[in-house]
Amino acid sequence: MGLSYRDIGLKVGLEVHRQLNTSHKLFCDCPTDPIESGEKVEYVRRLREAQSELGEVDPAARFEARRARAVVYRADTGNVCLVEMDEEPPHQLNEEALRIALTFARMVGAHPVDEVHVMRKIVIDGSNTTGFQRTCIVATGGSVSIRGKEVPIQTITLEEDAARILEVREDSVVYDLSRLGVPLIEVSTAPVIESPEEALDAAASIGRLLRATQGVKRGIGSVRQDLNISISGGGLIEVKGVQELEEVPKVVEYEVRRLLHLDKVRSELKARGVRAADVLGETERDLTDLLSSSRSRLISSWVVKGGRVMGVRLPGFGGLLGGGDVRLGKELSDYAKAWTGIEGIIHSDELPGYGLTSEEVVAIRTALGAGERDGFAIAVGPERRCREALESVIERAAVATEELPEETRGAKTGGVTIYLRPRPGAARMYPETDVPPTRVTRELLERVEREMPPTLEELAADLGKRYGLSSQLAWELIDTEALEDFRKLLGTGVQPSFVASLLTETMKDLKRSGVRVELIDLQRLNDYLRLIAEGRTAKESAREVLGYLANNPNSSPLEAVQKLGLLAPRLEDVEREVEELVTRLAPKFQDKDPFGPLMGELMRLYRGKVDGAVLSRILREKLKERGVAR
Amino acid sequence: MSVSGYKGKLGEILESIGAEVGDEIEVLTGDGRRYVGYLMSRTEYAAEGLITLKLRNGYNVGVALDDRAVVRKVSKGRAPSFTREELPPVNPNLPRIALLGTGGTIASRVDYRTGAVRPAMTTEDLLSTVREVAEVANVESEVLFSVYSENMTSREWDAIGGAVHDRITKGYEGVVIAHGTDTMGYTAAALSFVLQRPPVPVVLVGAQRSSDRPSSDAATNLLGALSVAGKAPFAEVVVAMHAWHSDDVIAVHRGTRVVKLHTSSRDAFQSVNSRPIAYVKEGRVIVKAEKLNPRGAIGYSYQPGFDERVILLKFFPGMKGSVLQLLAERGYRGFVLEGTGLGHVASSWIPVIRQLTSDGAFIGMCSQCRYGRVNMNVYYNGRDLLAAGVTPLGDMLPEVAYVKLSWALHRTSDPDDLREIMLTALAGEIGERSMPLRTSWSDEPWA
């Protein structure tokens with residue numbers, strides 16, 4: 001890339017969302033953990049756009065309403081009650097969650113508001129049973145510093161987590177309600193981040209501070225980053241749902257690449273004299289008869305079912321639709337897919353292909369009146385859907401001649417983003433009249449002050465002092481969020497530094513070599529460490545045993561140790577073996593020290609079964625008895 | 001006059017800078033915080049000394065103003081204006097239905113700045129907020145009055161009854177009444193006695209989730225009610241509400257058999273000692289009951305009027321019979337008792353009851369058990385109560401018995417006539433056969 005991020009005016013704002021580990025949900029008394037009672041409820045709802053007094057309907061709400069899908073909700077009454085089902089008004093704002101948010105506010109120097117007002121943010125994709133998400137500002141201001149740069153915090157809010165999507169069907173969408181209502185803290189920064197690396201640092205820094213509150217959940221799905229990205233002259237792009245920290249810089253890089261490409265295409269279209277009005281003047285044509293004998297499987301599979309093939313000319317777009325991983329063609333088809341749900345959209349720059357021959361492409365061009373400089377798009381599916389899809393294509397292509405539009409996009413893996421919906425307007429927020437405002441009293445602030453958890457630096461120092469952990473190991477525990485497990489596992493009596501490295505280095509290592517370590521739960525880890533503490537197996541067996549446990553989720557550590565032949569022999573048997581060895585081999589060494597070679601022999605026999613330290617102690621004793629030890 | 005909801009010193013400050021609700025103002029607090037946002041109104045019971053601001057990002061926050069705070073008006077707010085979407089075309093072939101509003105916000109618009117909900121009850125507003133209405137019926141709507149249903153009295157029942165009668169005589173093909181849900185069951189019972197053997201369906205409908213939220217049940221209930229009013233082959237007074245948590249089925253309950261059994265759930269309304277007479281699914285009316293009053297029935301009779309000297313009393317252990325005495329002294333002439341079990345009150349009540357009935361008061365017995373019928377022949381106490389002049393009211397719901405007695409007392413004060421009216425089924429309020437609550441027990445909660 002020839003241009004620097006600064007040259008192109010890259011501005012990134014972060015929204016870090018993190019689930020809070022409170023005892024109950026934000027507006028009801030259900031537990032926040034997905035407890036299953038086995039009692040299930042499944043019901044169907046339809047959400048409607050509610051019209052604003054201002055006569056405005058939110059563009060994002062309209063987008064969802066246009067798709068008008070039924071929403072199927074599944075709930076287990078173990079952690080879902082009538083509140084999540086939208087069958088009972090919300091209870092009071094969870095004070096424990098409020099305290100955690102205030103704790104974070106204190107850490108970053110943000111100012112709490114005097115009264116917290118709960119708002120309804122319209123979201124009618126079905127992810128909230130009410131049709132809105134409850135959200136409230138707890139504090140504003142403050143900052144985090146990354147490499148000497150201050151990144152201002154704009155708002156710290158508390159909000160309800162949304163229901164988890166299970167399945168998207170043709171005319172309905174299925175959600176699970178377990179997660180709905182779990183408290184989320186959202187930390188939004190000002191859009192002052194100017195490179196992918198800074199974005200990563202800011203996200204990591206906010207993440208560490210959130211962990212320091214000791215009130216956040218850990219593990220998959222507990223963190224989500226949204227990024228607001230723009231470059232000079234372009235609309236704001238909101239990328240939703242970046243789960244992994246490492247993905248943050250990749251998303252920024254991808255978006256910059258995409259925006260720059262679309263900007264280049266726009267310039268080229270301008271140079272060619274293509275105007276939005278020309279594009280909007282195009283109408284779709286039916287190509288079904290023309291292609292009825294095509295050998296393209298995509299086309300024939302629909303034609304058999306009574307579907308149609310329709311096409312539209314994109315005047316002046318020839319050669320501008322294709323490209324690498326970022327290309328206008330993908331934008332057009334993603335857009336049409338999001339608005340109409342259609343799958344089969346093909347553009348001219350990827351033809352011949354999809355089983356369509358060059359002769360057929362020529363025939364399509366002729367039928368659509370598309371010359372060399374023109375592009376075209378074709379849609380395959382039910383007639384109405386084809387028409388709507390091609391109208392969406394035209395709409396998006398017309399915009400491409402004029403601007404880089406603001407959009408809400410979703411994050412896929414590898415930094416790739418995909419069009420989701422239009423950006424919501426200001427018309428989407430209004431007060432939650434069912435929840436009275438909560439006064440942030442002096443007593444509450446004093447309690448938060450009194451209960452401030454230690455900073456992570458203090459925590460790391462304390463781990464070193466208390467358990468003799470190296471600074472690196474202590475930070476590793478903190479950063480991998482294994483501290484809680486570490487504390488629990490100390491109860492086994494195994495040396496703290498071993499427990500710490502098992503939880504961090506060993507786990508990371510195993511994960512890297514493809515072992516599914518998430519399948520080893522804390523209980524089995526605990527049982528394994530107990531075996532070590534009791535001398536029934538050696539520390540050296542860790543990698544093998546954990547690998548076995550991951551592959552055999554139903555096996556106990558004892559079974560694993562037995563199966564792997566790593567069960568320690570009884571101590572008297574070991575002692576007898578050592579004695580024999582000493583008797584047999586010690587004389588051979590005469591005046592040389594036999595310890596090293598004999599120890600090597602013992603390790604070969606007992607590696608992973610008996611702790612090396614124990615072997616060494618026995619060997620020294622036996623050698624001393626024989627009078628050969630120094 | 002102070003700024004909406006702002007009292008005392010704060011009200012004075014806001015007034016002095018000429019700030020009104022909706023204006024953009026800037027606040028600098030004594031501890032150095034700065035907020036810019038639109039001034040919002042405060043509710044009557046909100047804490048004092050704070051202002052509510054809507055920030056530019058749409059969030060509201062409450063800011064406490066102490067003596068050092070500085071408030072400045074930034075700009076005048078713009079007045080909300082509502083631009084209505086183009087109305088859907090009217091289809092003259094659809095049934096002509098009257099929609100009467102009584103105060104329920106069955107359809108409403110929300111002001112996103114304040115969260116205030118304004119009912120949308122003109123025909124035009126309704127069509128623009130629930131556009132599917134135009135596909136179901138030709139609706140002509142009128143707001144009769146606007147009261148919370150807990151504030152209704154028999155005067156409102158008569159006002160509604162009169163308005164429905166007017167629409168019936170004008171030849172509407174059905175009448176829908178939008179009603180607050182709290183006492184909708186009582187009104188349904190009242191209309192069942194006022195409008196006897198009506199020629200068209202009379203449908204009460206409400207919403208358990210207000211229509212300012214996208215998940216509101218108002219629109220689906222309303223469309224279901226309009227389907228019944230326009231298409232049902234029967235002409236009964238009914239309540240149309242969600243059958244369950246799902247939005248797909250609307251249950252149609254007989255007006256004399258329906259009770260609000262849940263404080264908040266969409267399926268709050270249930271038929272008790274009876275089953276729904278019909279359901280609406282995907283716009284189709286599926287009739288389940290037999291011997292219903294048919295659409296176009298002859299013999300319609302309009303019988304308005306209620307007597308207020310009637311009371312519904314729930315008996316509880318330890319309750320004294322002198323309560324009845326006191327009420328009688330205050331002029332009450334009709335008593336519906338919600339007794340225990342099969343229909344009992346403490347035997348210590350017997351002398352008072354005997355006294356009142358011999359003075360010509362009517363005392364009817366229902367059960368506080370939600371389901372089942374009274375039978376006062378099973379225990380001695382029941383027989384003694386019967387002998388003292390109590391009239392057992394079968395499986396009539398206590399609320400319905402109360403409404404019916406009020407209606408009957410307006411017609412006669414003769415105890416024998418009252419007894420006869422109360423024991424004659426006029427609108428399906430009495431059933432002779434009791435059915436099991438459930439027809440299967442497949443959940444196996446013990447498993």
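Sequence lines set the chain letters: A, B, ... in the order given, protein chains first and strands last, and positions in each chain run from 1. Just the heavy atoms: all of them, side chains too, but no hydrogens, waters or symmetry mates, feed the values below. Note that the coordinates shown come from a computational prediction; the quantities given were computed from them, not determined experimentally.
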Ordered numerically, the heavy-atom neighbours of chain B under 4.5 Å found in residues 152-163 of chain A are T155(A), T157(A), E159(A)
Please output the residues of residues 104-111 of chain A in contact with chain B, using a heavy-atom cutoff of under 4.5 Å, in numerical order.
H111(A)
Less than 4.0 angstrom from a charged side-chain N to a carboxylate O is my criterion; do [X] and [Y] meet it?
X      : Y       : result
R42(B) : E115(A) : yes
D86(A) : R213(B) : yes
R48(A) : D247(B) : no

Check: P214(B) and I122(A) side chains under 4.5 Å, non-hydrogen atoms:
yes
Check whether any side-chain heavy atom of Y35(B) sits under 4.5 Å from a side-chain heavy atom of V113(A), and report yes or no.
yes
For the student: nearest non-hydrogen atoms of K121(A) and Y59(B), plus distance:
NZ-OH, 3.9 Å
Using a cut-off of under 4.5 Å on heavy-atom pairs, state which of [options] scores highest against chain A.
options                           : value
A47(B), A268(B), S264(B)          : S264(B)
V61(B), D248(B), T220(B), T263(B) : V61(B)
N57(B), L55(B), L50(B), V63(B)    : L50(B)

Pick one of side chain, backbone, both or neither for R266(B), based on which atoms fall under 4.5 Å of a heavy atom in chain A.
both
Would you please name every residue forming a salt bridge (charged side-chain N to carboxylate O under 4.0 Å, His left out) with E135(B), sequence neighbours left out?
none
Salt bridge (charged side-chain N to carboxylate O under 4.0 Å, His left out) against E150(A), all qualifying residues, sequence neighbours excluded
none
Bottom line for I137(A): the part with an atom under 4.5 Å from chain B's heavy atoms is both
Quick one, R46(A) with D217(B), criterion side-chain contact (heavy atoms from CB on, under 4.5 Å). Give me CA distance, side-chain angles, the key distance, then yes/no.
CA-CA 9 Å; R46(A) 286 176 190 281; D217(B) 53 335; over 6 Å; no
Do side-chain atoms of R45(A) reach the backbone of H245(B) as a donor and acceptor pair under 3.5 angstrom?
yes
Spacing of T129(A) atom OG1 and R209(B) atom CZ [to the nearest 0.5 Å]
9.5 Å
From S215(B) atom OG to M85(A) atom CE, the distance as rounded to the nearest 0.5 Å:
12.0 Å
Are more than 12 heavy atoms, taken from residues, nucleotides or ligands other than [X], located less than 6.0 Å from that residue's [atom1] atom?
X       : atom1 : answer
R439(A) : CZ    : yes
E39(A)  : CD    : no
E282(B) : CD    : no

May I have the step-by-step check of side-chain contact (heavy atoms from CB on, under 4.5 Å) for E87(A) and Q208(B), ending in yes or no?
CA-CA 8 Å; E87(A) 291 287 28; Q208(B) 285 287 86; 5.7 Å; no
Output, in order, the C-alpha distance, side-chain angles, deciding distance and verdict of side-chain contact (heavy atoms from CB on, under 4.5 Å) for V41(A) and W244(B).
CA-CA 11 Å; V41(A) 187; W244(B) 193 59; 3.9 Å; yes
